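Here's the structure, in structure tokens; my notes come after.
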Amino acid sequence: GEVLQIPGAMRIRFGRNSPPIFEQSEAGQSVYFVESGFVKLLRRVPDGLDTLTGLAGPGDLFGEEVLFGISKRIATAAPMLPGSAICIPVVEFRAWINRINGAWPELLAG
């Protein structure tokens, strides 16, 4: 519930056959927090196949590469099981973490 109070945060719902939440190589400006369901993270490799690089379930964050200054998505996020996630603009997420933790670790200060 507290995550939804972050300015700009919005809930997205997805089903098993929903389109990807985001695609590899597209510009990213948000992080996602899984409320329910599962999201698979797939990376397209040079031979054209998709490889599973991770799973995000309830309580997990994904799309976090944007926190490290990576502007393009490194994987495709595709719903695996029906559920919902909260989409949070990266600028607002950083400000929220700063408020609750006092300061970003140097690694994320970028």
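The first residue in the sequence is number 1, and the count goes up from there. Treat the numbers as computed from the prediction; the structure is a model and nothing was measured.
Heavy atoms from other residues, nucleotides or ligands lying under 6.0 Å from CD of Q29 number 12 at most.
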Practice problem: Applying side-chain contact (heavy atoms from CB on, under 4.5 Å), run through L61 and F93 and close with a yes or a no. | Solution: CA-CA 11 Å; L61 194 66; F93 184 79; 4.0 Å; yes
Self-check item: Verdict with supporting geometry, T76 and D50, side-chain contact (heavy atoms from CB on, under 4.5 Å)
Solution: CA-CA 9 Å; T76 295; D50 288 331; 6.0 Å; no
Quiz prompt | Criterion side-chain contact (heavy atoms from CB on, under 4.5 Å) on V31 and L67, from CA distance to verdict | solution = CA-CA 8 Å; V31 295; L67 294 172; 4.0 Å; yes
Quiz prompt | L52 and K40: CA distance, side-chain angles, deciding distance, side-chain contact (heavy atoms from CB on, under 4.5 Å) verdict | solution = CA-CA 7 Å; L52 182 65; K40 57 187 171 184; 3.8 Å; yes
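The shortest side-chain heavy-atom distance between R11 and L4 falls under the 4.5 Å cut-off. Between R43 and I74, the closest side-chain pair of non-hydrogen atoms falls below 4.5 Å. With contacts defined as side-chain heavy-atom distances shorter than 4.5 Å, the pair I88/V3 qualifies. Using a 4.5 Å cut-off on side-chain heavy atoms (C-beta onward), R16 and L81 make contact. The side-chain heavy atoms of M80 and L55, taken from C-beta on, include a pair separated by under 4.5 Å.
Residues E26 and K72 are not paired through a salt bridge, judged by the lack of any N-O separation under 4.0 Å between the basic side chain and the carboxylate.
The OG atom of S71 sits 10.0 Å away from atom CD of E65, with the distance rounded to the nearest 0.5 Å. The CG atom of L42 sits 7.5 Å away from the OG1 atom of T51 when rounded to the nearest 0.5 Å. The CD1 atom of I21 sits 11.5 Å away from atom OG of S30, with the distance rounded to the nearest 0.5 Å. In this structure, CZ on F33 lies 10.0 Å from CD on E2, to the nearest 0.5 angstrom.
Linking Ile, Leu, Val, Met, Phe, Trp and Tyr residues whenever their side-chain heavy atoms come within less than 4.5 Å leaves F22 and V91 in two separate clusters. Under the 4.5 Å side-chain heavy-atom criterion for grouping Ile, Leu, Val, Met, Phe, Trp and Tyr, I70 is not connected to V90 through any hydrophobic cluster.
Contact detail for A77 and V39: the closest heavy-atom pair is CB-CG1, 3.8 Å. Contact detail for F14 and S36: the closest heavy-atom pair is CZ-O, 3.7 Å. Residues P89 and P7 come closest through the heavy atom pair CD-O, 4.0 Å. Listed here is the closest heavy atom pair of P79 and G15: CB-O, 3.2 Å. In plain terms, the two heavy atoms of R94 and F68 that are nearest each other are NH2-N, 4.3 Å. The two residues G37 and P58 make their nearest non-hydrogen contact at O-CD, 3.4 Å.
A donor-acceptor pair shorter than 3.5 Å can be found between the side chains of E35 and S84.
A parallel orientation is assigned to the rings of Y32 and F62, their planes being inclined by less than 30° (bins at 30° and 60°).
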